[in-house]
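Written below as structure tokens is the structure these notes are about.
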Amino acid sequence: MSSPESLTLSERKPQHSPLLVQAAREGWALDRLARAYREDAVAFVADILKVRMHPTLEEFLVAFQNNSRIARKGCYSSAKTFDAATAALWFLYTRHPAKVVTTAPSGRQVEKLLWSEINTLHSANAARLGGRCLTTELKLAPDWFAFGFAADQYNESGQQGFHSPNVCFIGDEAPGLAPIIFNLYRKFCANPGTDKALFIGNAINSATPFGACFTSPGWTKLTTRASDCINVKTGRLVIPGMVSLEWVLQMQKDYPPESAIYQMMVEAKFPEQSERGLIPTSWVLAAFERWLKLKGNPPSGDKRLGVDIARGGSDETVFTYRVGNFVIEQRAISTPDLAQLTDTLEAEARRGWGVALDVVGIGAGVYDQLRARGVSVQAHNGAERSNKKDRSGKLGFVNKRSEVYWSIRELLDPENARGNADANLLALPQDDKLLQELTAPDWSPVAGGKIKVEAKEDVKAKISRSPDRADSLTITETALPSGYLENLVAAMVQKQETTAPRTPRGRSDTMRGNY
């Protein structure tokens with residue numbers, strides 16, 4: 001016999017009003033259906049949308065029904081977006097007139113996340129629900145509709161608010177919403193008694209407007225941990241697509257429980273951000289999102305290949321292919337055959353990639369072989385001195401490792417976007433290991449106005465493996481674009497020729513020194 005925790009709503013035989021059952025069976029008109037279900041979101045979702053109820057969905061719907069401002073953070077694949085779609089439809093169909101406004105950081109997220117779920121639910125129940133559902137719009141009447149817009153295309157003068165006796169504002173992927181977008185609910189939701197605001201997302205960064213909800217009064221705060229989800233509780237697949245016990249067990253093998261990734265993705269806790277943490281988690285996740293946005297039309301630019309060569313054991317040799325600020329991919333292999341690796345890098349260099357590789361350890365031999373073959377390749381040694389400055393021009397670096405890691409930090413910092421984040425900031429392919437490796441190092445100021453990034457061995461002790469992916473990425477900062485040196489020499493020669501003293505007409509070469 002099933003345990004009480006694993007029972008669905010129908011298995012528990014809740015005391016729904018016979019009136020609601022009759023409404024579902026007879027397909028009442030919208031106005032009667034609305035009145036019947038207005039005070040019972042759980043019944044609407046179960047009876048009308050035909051969604052299999054489970055504890056976390058039921059808890060969320062009750063909280064959404066009974067409160068005006070709700071913030072919900074959840075673990076990976078906790079069905080936050082699906083649950084928000086059910087709440088949006090309940091609000092819209094049980095009130096008239098009513099307007100539901102949704103947003104997310106990008107148009108892709110609006111369309112592919114929340115509105116994908118809304119469309120699926122509506123399509124499956126169109127006969128009962130009525131209305132016309134488009135990609136990001138569901139219209140029942142001129143004063144009765146739902147629609148979604150992308151936060152990155154928000155125009156304040158073009159969207160002044162949507163007045164209605166009933167307004168619901170939903171922010172999906174809320175950690176990525178700027179303060180001006182996050183606060184739109186204040187403009188739209190003018191009637192606290194009837195209007196609702198809902199923000200959902202992962203526990204990425206507490207230093208965001210979304211994070212502030214969980215320390216501010218007036219917000220109903222919900223947290224869905226992996227252990228709360230029915231698939232994990234029961235150890236079997238009850239809700240397809242929701243986080244599973246197998247996934248949690250794998251995470252426990254891959255990451256220490258105290259690590260930022262485990263806390264965020266499994267426990268739905270905001271990771272503690274060290275004051276000396278080099279790169280915040282939220283910056284890397286934003287870079288993953290930029291990559292998804294740009295992958296269909298990647299930008300052009302210099303072609304750089306950074307290679308961190310494995311020293312043996314569990315370490316990996318990682319190739320990072322980067323065009324401009326778009327990292328096309330990272331390839332990881334076990335300890336390679338050095339002769340084959342040398343051939344591969346020669347081929348890539350002759351294909352136009354500016355190659356740089358780590359020359360500490362066995363990489364030195366590969367570098368020497370490439371140079372002997374006449375291949376233009378750059379040597380990267382993290383222990384070398386650095387003469388570079390940070391973007392402000394005020395701070396230097398104790399070594400090359402600190403320089404290139406800080407450079408990657410600046411390319412992820414949203415403050416450095418200079419008006420076009422897609423072009424001026426790094427876009428990275430999603431990789432949990434890369435996320436962990438980039439967010440693990442700390443930094444510290446040292447005497448002489450210099451920056452020191454935590455040593456590789458200390459980072460390795462933190463994450464229980466070598467940060468090969470992050471190191472490979474930073475080595476791309478050392479790589480020079482193909483033909484860079486040749487072009488530099490040509491430019492210097494041209495400059496020398498154009499600035500050389502000229503012999504006046506009528507004077508002999510022997511007189512040139514006087515002029």
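Residues L435 and I261 are in side-chain contact: their nearest non-hydrogen atoms beyond the backbone lie under 4.5 Å apart. In this structure, the side chains of L285 and M264 come closer than 4.5 Å at one or more pairs of heavy atoms. A heavy-atom distance below 4.5 Å is not found between the side chains of I70 and I200. A 4.5 Å side-chain heavy-atom check between D308 and F319 finds every atom pair outside the cut-off.
For the residue pair T320 / Q330, a side-chain donor-acceptor distance below 3.5 Å is found, with atom types taken as modelled. In the model, K452 has no side-chain atom that pairs as donor or acceptor with a side-chain atom of S402 under 3.5 Å. Side-chain contact annotation: T135 with W115, donor-acceptor N/O pair under 3.5 Å absent. Looking only at atom types and distance, the side chain of S444 has no donor-acceptor partner in the side chain of R276 under 3.5 Å away. Side-chain contact, Q109 with S106: a donor N or O sits under 3.5 Å from an acceptor N or O. Residues N205 and S282 have side chains that bring a donor and an acceptor to within less than 3.5 angstrom of each other. There is no side-chain donor-acceptor pair under 3.5 Å between H122 and T120.
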Audit row: V45, L61, side chain to side chain contact (heavy atoms under 4.5 Å, CB included) steps and yes/no = CA-CA 9 Å; V45 172; L61 290 171; 3.6 Å; yes
Go through the steps for R469 and D432 under the test salt bridge (charged side-chain N to carboxylate O under 4.0 Å, His left out), then give the verdict.
-> CA-CA 10 Å; R469 286 164 172 76; D432 290 344; over 6 Å; no
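Using a cut-off of 4.0 Å between Lys/Arg side-chain N and Asp/Glu carboxylate O, R465 and D254 are scored as not salt-bridged. With respect to the salt-bridge test (charged N to carboxylate O, under 4.0 angstrom), the residues K400 and D358 do not qualify. Residues R373 and D368 are not paired through a salt bridge, judged by the lack of any N-O separation under 4.0 Å between the basic side chain and the carboxylate. At a threshold of 4.0 Å, the pair K80-D83 does not count as salt-bridged, since none of the basic side-chain nitrogens sits closer than that to a carboxylate oxygen.
The six-membered or imidazole ring of Y185 lies near that of W219, with a centre-to-centre distance under 6.0 Å. For an aromatic pair to be called close, the ring centres must be under 6.0 Å apart, and Y76 with W247 satisfies this. Checked against a 6.0 Å centroid threshold, the rings of F214 and F270 count as neighbours.
Separating the OG1 atom in T344 from the CZ atom in R331 is a distance of 9.5 Å, to the nearest 0.5 Å. Between the CG atom of D468 and the CG atom of L473 there is a distance of 12.5 Å, given to the nearest 0.5 Å. The structure places OG of S376 at 12.0 Å from CD of E346, a figure rounded to the nearest 0.5 Å. Rounded to the nearest 0.5 angstrom, E477 CD and L411 CG are separated by 5.5 Å. The structure places OG1 of T102 at 10.5 Å from CG of L198, a figure rounded to the nearest 0.5 Å. Atom CG of L177 sits about 9.0 Å away from atom CG of L184, to the nearest 0.5 Å.
Both the sub-6.0 Å distance and the 45° axial angle are satisfied by R72 relative to the ring of F60. The side-chain tip of R401 points at the ring of Y405 from less than 6.0 angstrom away and within 45° of straight on.
Residues C133 and I118 approach most closely at SG-CG2, 4.3 Å, considering heavy atoms. When every heavy atom of K221 is checked against every heavy atom of S216, the shortest pair comes out as NZ-O, 2.9 Å. For T224 against C229, the heavy-atom pair with the smallest separation is CG2-SG, 3.9 Å. Contact record, L425 with P414: CD1-CA, 3.9 Å, taken as the closest heavy-atom pair. Considering every non-hydrogen atom in both A470 and L438, the closest pair reads CB-CD2, 3.8 Å. For the residue pair P429 and V327, the shortest heavy atom distance occurs at CD-O, 3.4 Å.
With E454 contributing its side chain and D442 its backbone, the two residues share a donor-acceptor pair below 3.5 Å. The main-chain N or O of G306 is found under 3.5 Å from a side-chain atom of S472 such that the two form a donor-acceptor pair. For the pair N183 (side chain) and P179 (backbone), a donor-acceptor distance under 3.5 Å is present. Although no hydrogens or angles enter the test, the distance criterion places a donor-acceptor pair under 3.5 Å between the side chain of N202 and the main chain of G74. With hydrogens and angles ignored, the 3.5 Å screen pairs a side-chain donor or acceptor of N424 with a backbone N or O of A417. A donor-acceptor pair under 3.5 Å links the side-chain atoms of T215 to the main chain of A212, judged by distance alone. Although no hydrogens or angles enter the test, the distance criterion places a donor-acceptor pair under 3.5 Å between the side chain of D228 and the main chain of R225.
In this structure, D458 has no side-chain hydrogen bond (donor to acceptor under 3.5 Å, both in side chains) partners at least two apart in sequence or on a different chain. In this structure Y367 satisfies the side-chain hydrogen bond (donor to acceptor under 3.5 Å, both in side chains) test with no other residue, sequence neighbours excluded.
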